[in-house]
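Excluded from the calculations below are hydrogen atoms, water molecules and symmetry mates; all remaining heavy atoms, backbone and side chain alike, are included. Just so you know, these numbers come straight off a predicted model, no measurement behind them.
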Amino acid sequence: MDYAKILESQAGEELFLLGNTAIVRGALESGINVYTYYPGTPSSEVGEIFIELFRKSSLSWVENSLNEKVAIEVAGAAYARGAKVMVGMKNVGLNVASDAFFALVTTRPINNTSSMVVLVADDPQQYSSAVEMDSRYYLKLLKIPALEPSNPQECLEFIKHAFKISMELKIPVILRLVTMVAHARSNVKIGELKRSKIDESFDLSPEVNVASRLYFLELKQDQIYNRLNRALLLSENSSLNRIENEDYSNDFDLGIITSGVSYSYVLEALDFLNLKAPVLKLGFINPLPEKKVVRFLKQFKQILVVEENDAYIETDVLAIAQKNGIQTKIHGKDPFSYSRENSFLNFVGELNPTEVALALIKITNLTPRINLNQIKSKNYKTVRRKPMLCPGCPYGTIGYALKKADKKLKSDYGKEIYYFQDIGCYTLLSFPPYSFANVKYCMGSSIALAQGVAHTDESLNIAIIGDGTFFHSGIPALLNGIHNKAPILVLILNNGWIGMTGQQPHPGSDIRHYEEGKSKKKIDMNKFLMGTGANVSVIQRQEHIEGNYSDRLKDLIYEKGRQVLEKRDIQIIVIEDECIQKFNQRNPLEIRHVDEGLCTNCGICYNQFYCSALNEKDDKAHINSNECLGCGTCEDICPNNAIVGVDNDE
């Protein structure tokens, strides 16, 4: 959509909005001053929209921070001095931010306008994440309030509630999303935009802002017994926690407790089964409204708790029932048994209406109109598509060259070669036919992982990390490796952007090629690396040097791998080849085609290079002109010069 509409539309209008877009509008209606973030699906769109609107709105500051820890620190200080701030990240980003966040939540700014919301987007089913992680358990550790919307309209409304709660209690509030809410679309009725000015004068008194032994314990006492206690009272009386269909009854004396997107699944399942049941919908998920939960439990002989991933709410409901001597049978995931047989709902992956309906059938013995177990277990014959890089992706060329260098190194030295992967588009090199992955954990971990094996084995250990991830969290591990003379080969894949989440810029991106670049300073990665005193080599696709790029790259990887094996010291290669999607936005597209008269169908281009635009057709190599993005690697590697470029306008 045209993001300008987010600012220009008037109160009372209805807009067809993505959940993430509704969050932006809700924050603007709250008078937000500062937004900081690190892009991570499913929350990336929020930051992109704020960046787009920054100069056109009343916002004081918006930034795509180096990582989530920096994002929460920048916003945290603005919060301390009286700003309305929001920080955005995905679930695993909360791990990165947690060190600073634990200190921040205890502080108690005394400026009237201080308020802070932290947007955390979970990714059930692990669509675009290294792990499936339920961020809600951080709420117990951090001891802060949290809200969870179930649709785009609630995304807008809940953000406004979150800012009000934070301003009243002087404590950060988490807004927890999941993918199916962040990326859902629906009509959203919008309210009035609000402009907030940050007071010129402010108080940064250390006794409420410094997390140290001198002040910390007193602040923590206040956090728990004052601010969180008041949050509990708000939760008890909040309209975000409500009983729907309270007058309904059924033959099974059954009620349902749910929150977030699971609420939508519950409604669909009940409708499908023609079952009427009261539903306690929890939008204020921490602290849970104990008295409201107690009243609800006492009305029924059995309760089904419906939530995705971990049994966070169910565990609390079980504790509340135990504390209050309530004998109601509570069904759900049975969190203490770790038994698939005892669980009515799965701990792993997303829920859906079918899963919820099957849980209800297990409780009620109702007979559905159709066999849901058959639907659930049916193995649909769909077209299988393996994970693959974009056609023309520079990482495909790197994979091709690395595979050849790998083969030669093994042949010449007889050593095992192990690969340590990181988080980015290049993670797809982990899959066949490349299979360049032996260990992978999280962002920035590849370089340290390689060191762990290299210090204990004579093998060649290669770390693969992208430029965005390197800036995010790879630098400490690299410095550790340089300092300890770790015998590893580090490949830094510099495509110029944070490609996986939508080609966002990072500190090393070319400031000429993005709008906010005019107010930024580019960090020269190569100069930084040279300054460490390490052995650094740089190779560029665009260099005007004899010999094709993939051969030069293969030879460089081989040579540096050889030096690691022989000299037992760290070697770094920076591979500069811009993301093809960004490159083609500024340059004419030159697609390739096969001259069938010259093609011998040797298969090198489609059997060794593995580009999705390349295949075999009528005993010849074939390039799908609708997919080709014009990288030219296939032209370079063809031994018969049978692949040639054609201007896209022809």
Side-chain angles (χ1 to χ4, degrees), residues 38 40 66-69 90-93 95-96 98-99 126 128-133 387 395 398-399 402-403 405-406 409-410 413 415-432 434-495 498-500 506 525 528-529 532 534-537 557 560-565 567-575:
Y38 187 81
L66 188 73
N67 61 32
E68 295 86 354
K69 180 176 183 289
K90 67 184 297 176
N91 52 354
V92 290
N95 298 330
V96 180
S98 62
D99 190 8
Q126 200 181 343
S128 56
S129 304
V131 296
E132 184 186 69
M133 186 190 97
Y395 299 150
I398 293 169
L402 184 55
K403 203 165 188 67
D406 176 285
L409 283 163
K410 285 177 178 175
Y413 287 89
K415 299 284 189 181
E416 289 292 333
I417 301 179
Y418 298 112
Y419 292 91
F420 303 86
Q421 269 283 0
D422 229 295
I423 307 299
C425 297
Y426 49 89
T427 308
L428 294 173
L429 296 176
S430 303
F431 302 118
Y434 298 110
S435 301
F436 292 135
N438 292 99
V439 186
K440 179 180 78 71
Y441 289 168
C442 60
M443 284 191 79
S445 63
S446 60
I447 301 174
L449 290 171
Q451 294 169 47
V453 176
H455 287 310
T456 58
D457 191 72
E458 295 296 313
S459 54
L460 176 59
N461 296 280
I462 301 177
I464 301 174
I465 188 169
D467 46 345
T469 302
F470 177 74
F471 281 115
H472 176 279
S473 49
I475 292 173
L478 182 68
L479 296 180
N480 186 76
I482 295 169
H483 175 65
N484 289 298
K485 293 189 174 183
I488 63 172
L489 175 58
V490 179
L491 304 182
I492 302 179
L493 282 47
N494 186 354
N495 75 350
I498 305 173
M500 178 171 268
H506 57 64
M525 179 193 293
F528 169 79
L529 292 169
T532 66
N535 299 305
V536 181
S537 303
I557 294 171
K560 294 304 172 181
R562 180 189 68 79
Q563 290 182 25
V564 172
L565 287 170
K567 297 181 180 179
R568 303 298 294 169
D569 200 358
I570 190 168
Q571 295 286 337
I572 302 165
I573 301 177
V574 180
I575 305 171

Do the side chain of [X] and the main chain of [Y] share a donor and acceptor less than 3.5 angstrom apart?
| X | Y | answer |
| --- | --- | --- |
| Gln421 | Tyr441 | no |
| Asn494 | Asp467 | no |
| Thr469 | Met443 | no |
| Asn535 | Gln571 | no |
| Thr456 | Val453 | yes |
| Gln451 | Ala477 | yes |
| Ser459 | Asn461 | no |
| Asn67 | His472 | yes |

Is the NZ or CZ atom of Lys403 positioned over Phe436's six-membered ring, under 6.0 angstrom from the centre and within 45° of the axis?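 Flagged: Lys403 positioned over aromatic ring of Phe436.
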Distance, nearest 0.5 Å, that separates [atom1] of [X] from [atom2] of [Y]:
| X | Y | atom1 | atom2 | result |
| --- | --- | --- | --- | --- |
| Ile462 | Ile488 | CD1 | CD1 | 10.5 Å |
| Lys560 | Lys567 | NZ | NZ | 7.5 Å |
| Leu491 | Ile573 | CG | CD1 | 5.5 Å |
| Ile464 | Asp422 | CD1 | CG | 9.5 Å |
| Ser473 | Tyr38 | OG | OH | 7.5 Å |
| Ser445 | Ile423 | OG | CD1 | 6.5 Å |

Please walk me through it: do Glu458 and Arg568 pass side chain to side chain contact (heavy atoms under 4.5 Å, CB included)? CA-CA 9 Å; Glu458 295 296 313; Arg568 303 298 294 169; 4.1 Å; yes
Note, [X] side chain near [Y] side chain (heavy atom, < 4.5 Å):
| X | Y | answer |
| --- | --- | --- |
| Val536 | Val574 | yes |
| Val564 | Pro487 | yes |
| Lys69 | Ser98 | no |
| Asp457 | Tyr418 | yes |
| Ile492 | Met525 | yes |
| Leu489 | Ile557 | yes |

Mark yes when over 12 heavy atoms from residues, nucleotides or ligands other than His483 sit less than 6.0 Å from its NE2; otherwise mark no. no
If you count heavy atoms of other groups shown closer than 6.0 angstrom to OH of Tyr413, is the number above 12?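 Atom OH in Tyr413 is packed in, count exceeds 12.
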Run the side-chain hydrogen bond (donor to acceptor under 3.5 Å, both in side chains) test against [X] and tell me which residues pass, sequence neighbours left out.
| X | value |
| --- | --- |
| Asp406 | Lys410, Tyr419 |
| Asn484 | Asn480 |
| Glu132 | Asn309 |

Answer with yes or no whether the side chains of Lys440 and Thr427 bring together a donor and an acceptor at under 3.5 Å.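 No.
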Compute whether any side-chain donor of one residue and acceptor of the other, for Asn495 and Tyr395, lie under 3.5 angstrom apart. yes
Looking at [X] and [Y], what are the two nearest heavy atoms and their distance?
| X | Y | result |
| --- | --- | --- |
| Asn91 | Ser129 | OD1-OG, 4.3 Å |
| Gly481 | Ile570 | C-CD1, 4.1 Å |
| Ala463 | Ser446 | CB-O, 3.6 Å |

Is there a side chain to side chain contact (heavy atoms under 4.5 Å, CB included) between Ile465 and Tyr426 once you walk through the steps? CA-CA 8 Å; Ile465 188 169; Tyr426 49 89; 4.2 Å; yes
Over 60° means perpendicular and under 30° means parallel, so classify the ring planes of Phe528 and Phe470, tilted if in between.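 Judged by the thresholds at 30° and 60°, the geometry between Phe470 and Phe528 is perpendicular.
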